[in-house]
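Single-structure report; data block below.
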Amino acid sequence: MKPNISWIVVDSVRSYKGANDDRDLLEIFTSLNSKGCRFLNVQTSAPSTIMSTSSMMSGIDSIYHATTYDGFNAKRNNISYLSDFLLKNKYNVYFICFFTDGFRLLGDVFDGISTRKFKNMPSENKNWTNKEITEALNLLLKENKIKEPFLFYINYNCRFDPKTNEEVSKGLNLVNKYFADSENYIIMNSDHGYPDPARKLTNKIGMLGHDLIMTEDNITTPLLITGKGFNKNIKIHERVSLLDISELVKSIVNEKLNQSKLYRLANGLNVDTKICTTWNRYIAQDRAKLALTKGKYKIIYDLDSKKSEFFNINSYLDINDKWNLSESILKFKETDIFPDEILQLKEQVKLELNNVEKYFSEKLKKNIGKFYPKNSKKICFIGRFTPTYLECLKGSHENVIPTDIRLIKRNLKVNKKDKFLVYVIYGSSVTRWIRELLILFLKGYPTFYYTNYDLDKPLKIVNLLGYFPKMILTLIDVYKSWGFLNTIKRIKSKF
């Protein structure tokens with residue numbers, strides 16, 4: 001019988017103690033070190049749960065899995081996830097999560113949502129408590145729904161629960177109890193960290209999201225591994241990535257542990273030094289950043305402003321066996337001589353961006369080519385595009401002209417005779433983009449539209465009829481707030 005793999009992820013736990021809030025490193029990460037190997041210096045692929053989980057389950061950088069967060073679709077993104085590999089190797093794959101987006105988006109990354117085997121589970125329209133996660137796990141085990149060999153991914157949540165450590169320990173004990181006579185590996189980590197309260201970013205995070213923060217507290221995580229080949233009380237200081245877990249899982253299944261970087265580090269073997277990457281958003285989302293680290297240096301590149309910041313990382317284990325994060329910003333003048341590692345990171349940024357743009361240009365090219373042949377009219381894509389997505393559009397078709405909707409009136413390249421106008425819906429305002437589409441159509445432009453940035457299939461104006469009920473409801477809300485005459489004035493002003 002091949003070994004079982006229990007993979008326990010506790011959402012947004014930091015890699016260290018001391019902040020004295022609910023995101024602090026859980027005690028189980030330090031206590032379980034007595035049975036296995038603890039990796040102290042671990043970098044996430046994204047400070048966002050959907051992005052991080054999908055990248056961990058594939059070993060592929062998070063940026064490649066979708067164009068937008070809401071557009072994430074594991075069935076259609078052509079990413080090969082671990083579940084495919086595991087099922088081919090006669091493993092069973094199980095998944096329990098706690099949050100609504102996880103239920104909605106991550107089932108296809110795994111082999112479905114395992115708790116759907118029962119009717120009496122909590123609603124998936126709300127976030128589950130850790131106690132409910134443990135109870136669901138217990139029921140699956142008690143009813144003999146978990147078949148060996150397996151990979152079982154269990155996603156707990158540290159937010160607002162002082163008993164998180166207790167529930168995670170209970171879950172771990174349940175797995176050990178039911179499979180005490182089997183060979184078992186335990187992988188335990190968080191998907192990303194969280195900004196330290198000492199930074200006093202609470203208001204900013206509330207408005208914009210913590211994924212904008214690329215400091216060490218937010219992009220590093222704990223990682224603990226027990227099982228054959230991972231000796232007890234080992235601590236690894238070298239920088240690794242959560243992407244390395246995918247390689248480890250494959251090496252366990254293939255019984256070739258020596259092919260895993262994490263195993264080799266745990267056993268003092270040589271490994272190639274690798275640049276670790278963290279992307280915070282998908283290519284069509286604004287405020288995107290890329291963080292790259294090598295050795296004691298980090299670069300944070302802003303994809304919108306195309307500017308870089310440099311940092312020195314000096315995190316360390318103190319005499320009390322406590323992991324401490326330390327980073328400081330580096331200022332360079334144009335006349336300064338950059339360290340070799342910084343120069344390598346700067347070149348790697350160019351390489352990463354080039355690879356991303358090439359990858360998505362090819363994907364968009366295939367989709368656009370299904371409806372617009374190479375010798376077609378000019379295709380004017382109208383919307384609001386990030387600089388990265390704009391470059392992908394430009395590389396997708398030789399006759400593509402991307403333009404911002406706000407600039408179309410003064411864009412002389414756009415005319416009615418020889419160009420298609422293709423609108424890419426953005427944002428959540430139904431009335432806005434229906435209005436803009438209708439204006440283009442009524443002015444005589446051959447107009448189509450897409451409902452996502454993947455550009456799967458262009459739709460005709462007639463399809464807008466399906467959105468009119470929602471638009472009418474929006475107008476009713478406006479009428480209630482502004483009154484009849486003001487509503488009419490607002491509608492006329494838009495046209």
Side-chain angles (χ1 to χ4, degrees), residues 15 41-48 51-52 55 60-65 67 192-196 199 201 204-205 208-221 238-243 273-315 325-361 384-395:
S15 60
N41 199 0
V42 186
Q43 185 169 329
T44 183
S45 181
S48 166
M51 294 181 74
S52 179
S55 63
I60 296 172
D61 277 325
S62 58
I63 190 75
Y64 291 100
H65 295 246
T67 53
H192 53 76
Y194 199 78
D196 195 300
R199 295 184 182 275
L201 298 173
K204 183 177 180 181
I205 291 171
L208 302 176
H210 79 90
D211 61 338
L212 294 180
I213 313 300
M214 301 293 264
T215 48
E216 291 291 282
D217 49 2
N218 200 38
I219 71 167
T220 63
T221 79
E238 286 85 354
R239 190 80 154 199
V240 297
S241 170
L242 289 181
L243 294 177
T273 303
K274 182 183 176 183
I275 292 175
C276 294
T277 59
T278 300
W279 302 82
N280 73 326
R281 292 193 173 174
Y282 295 115
I283 63 164
Q285 295 176 272
D286 60 5
R287 301 189 184 96
K289 295 180 181 180
L290 166 64
L292 300 177
T293 61
K294 183 173 184 181
K296 64 178 183 177
Y297 294 105
K298 175 166 71 176
I299 183 172
I300 298 177
Y301 180 79
D302 189 305
L303 276 68
D304 292 346
S305 69
K306 300 184 180 180
K307 294 181 180 179
S308 299
E309 288 184 303
F310 305 98
F311 296 84
N312 185 275
I313 304 170
N314 283 306
S315 301
L325 296 189
S326 175
E327 67 178 320
S328 55
I329 193 166
L330 295 171
K331 298 288 187 180
F332 294 104
K333 299 177 183 177
E334 290 187 12
T335 55
D336 289 343
I337 298 176
F338 287 88
D340 288 342
E341 291 91 340
I342 292 289
L343 294 174
Q344 290 176 33
L345 291 174
K346 290 178 71 174
E347 286 302 311
Q348 189 67 25
V349 166
K350 295 177 185 177
L351 181 62
E352 295 286 346
L353 293 175
N354 182 63
N355 288 341
V356 166
E357 289 168 8
K358 183 177 179 181
Y359 176 80
F360 281 101
S361 290
R384 292 188 182 179
F385 309 121
T386 64
T388 308
Y389 187 81
L390 198 62
E391 291 303 314
C392 296
L393 266 182
K394 290 177 181 177

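Any value given below was found using the heavy atoms of this structure, including those in side chains, with hydrogens, waters and symmetry copies removed. Small disclaimer: the values here were computed from a predicted structure and weren't measured.
- Taking the six-membered ring where the residue is Trp, Tyr64 and Tyr359 present perpendicular rings, their angle passing 60° and hence far from 30°.
- Side chain of Asp211 to backbone of Pro47: no donor-acceptor contact under 3.5 angstrom is found.
- Looking at Lys296 and Glu341, no side-chain N of the basic residue comes within less than 4.0 Å of a carboxylate O on the acidic one, giving no salt bridge.
- Side chain of Ser62 to main chain of Met51: no donor-acceptor pair is present (N/O by atom type, distance under 3.5 Å, no hydrogens or angles).
- A donor-acceptor pair shorter than 3.5 Å can be found between the side chains of Thr278 and Gln43.
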Give the intermediate values and the outcome of side chain to side chain contact (heavy atoms under 4.5 Å, CB included) for residues Ser15 and Thr221.
CA-CA 5 Å; Ser15 60; Thr221 79; 5.6 Å; no
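- Closest non-hydrogen pair, Tyr297 versus Ile342, comes out as CD2-CD1, 3.7 Å.
- Closest heavy-atom contact between Ile300 and Lys289: CG2-CD, 4.3 Å.
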When you look at Leu242 and Ser52, which way does the side chain to side chain contact (heavy atoms under 4.5 Å, CB included) test go after all the steps?
CA-CA 8 Å; Leu242 289 181; Ser52 179; 4.0 Å; yes
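- Atom CG in Asn314 sits 6.5 Å away from atom OG in Ser328 (nearest 0.5 Å).
- For the pair Lys346 and Phe338, the cation sits on the ring face: its NZ or CZ lies under 6.0 Å from the ring centre, inside 45° of the axis.
- Panel note: side chain Asn41, backbone Glu238; no donor-acceptor pair is recorded below 3.5 Å.
- Separation of atoms CG (Asp302) and CZ (Arg287) is listed at 10.5 Å; rounding is to 0.5 Å.
- Taking all atoms of both residues into account, the shortest heavy-atom contact from His192 to Ser48 is CD2-N, 3.6 Å.
- A donor-acceptor pair under 3.5 Å is absent between the side-chain atoms of Thr44 and the main chain of Thr220, judged by distance alone.
- Looking at heavy atoms from C-beta onward, Phe311 lies in side-chain contact with Ile329 at the 4.5 angstrom threshold.
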With side chain to side chain contact (heavy atoms under 4.5 Å, CB included) as the criterion, how do Ser361 and Cys392 come out once you've worked through the C-alpha distance, each side chain's angles and the decisive distance to 0.1 Å?
CA-CA 4 Å; Ser361 290; Cys392 296; 3.9 Å; yes
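- Counting only distance, with no hydrogens or angles, the side chain of Gln285 and the backbone of Tyr282 share a donor-acceptor pair below 3.5 Å.
- With rounding to the nearest 0.5 Å, the separation of CG in Leu292 from CG in Leu290 is 4.0 Å.
- Once rounded to the nearest 0.5 Å, the distance linking OH of Tyr301 with CG of Leu353 reads 5.5 Å.
- With a 4.5 Å cut-off on side-chain heavy atoms, Asn355 and Lys358 do not count as touching.
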Checking His210 against Tyr194 for the side chain to side chain contact (heavy atoms under 4.5 Å, CB included) test, could you report, in this order, the C-alpha distance in whole Å, the side-chain angles of both residues, the deciding distance, and whether it holds?
CA-CA 7 Å; His210 79 90; Tyr194 199 78; 3.7 Å; yes
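- At a threshold of 4.5 Å between non-hydrogen side-chain atoms, the residues Pro387 and Lys306 count as touching.
- Between the side chains of Asp61 and Thr277, at least one donor N or O sits under 3.5 Å from an acceptor N or O.
- In this structure, the side-chain hydrogen bond (donor to acceptor under 3.5 Å, both in side chains) partners of Glu352, at least two apart in sequence or on a different chain, are Gln348.
- Counting only heavy atoms from C-beta outward, the side chains of Asp286 and Asp304 approach each other to under 4.5 Å.
- Asn218 places a side-chain N or O within donor-acceptor distance of the main-chain N or O of Ile213, the cut-off being under 3.5 Å.
- For the pair Glu327 (side chain) and Glu216 (backbone), a donor-acceptor distance under 3.5 Å is present.
- Without hydrogens or angle criteria, Thr388 side chain to Ile283 main chain gives no donor-acceptor distance under 3.5 Å.
- Interatomic distance, CG of Leu390 versus CD of Glu357, reported as 9.5 Å (0.5 Å rounding).
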Could you give me the CA-CA distance, side-chain angles and deciding distance for Lys298 and Glu309, then say whether salt bridge (charged side-chain N to carboxylate O under 4.0 Å, His left out) is met?
CA-CA 8 Å; Lys298 175 166 71 176; Glu309 288 184 303; over 6 Å; no
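- Remark: Thr293 OG1 to Ile299 CD1 distance equals 11.5 Å, nearest 0.5 Å.
- Taking 4.5 Å as the limit, some side-chain heavy atom of Ser241 sits within range of a side-chain heavy atom of Cys276.
- His65 places a side-chain heavy atom less than 4.5 Å from the side chain of Ile60.
- A salt bridge links Asp217 to Arg199: at least one charged side-chain nitrogen sits closer than 4.0 Å to a carboxylate oxygen.
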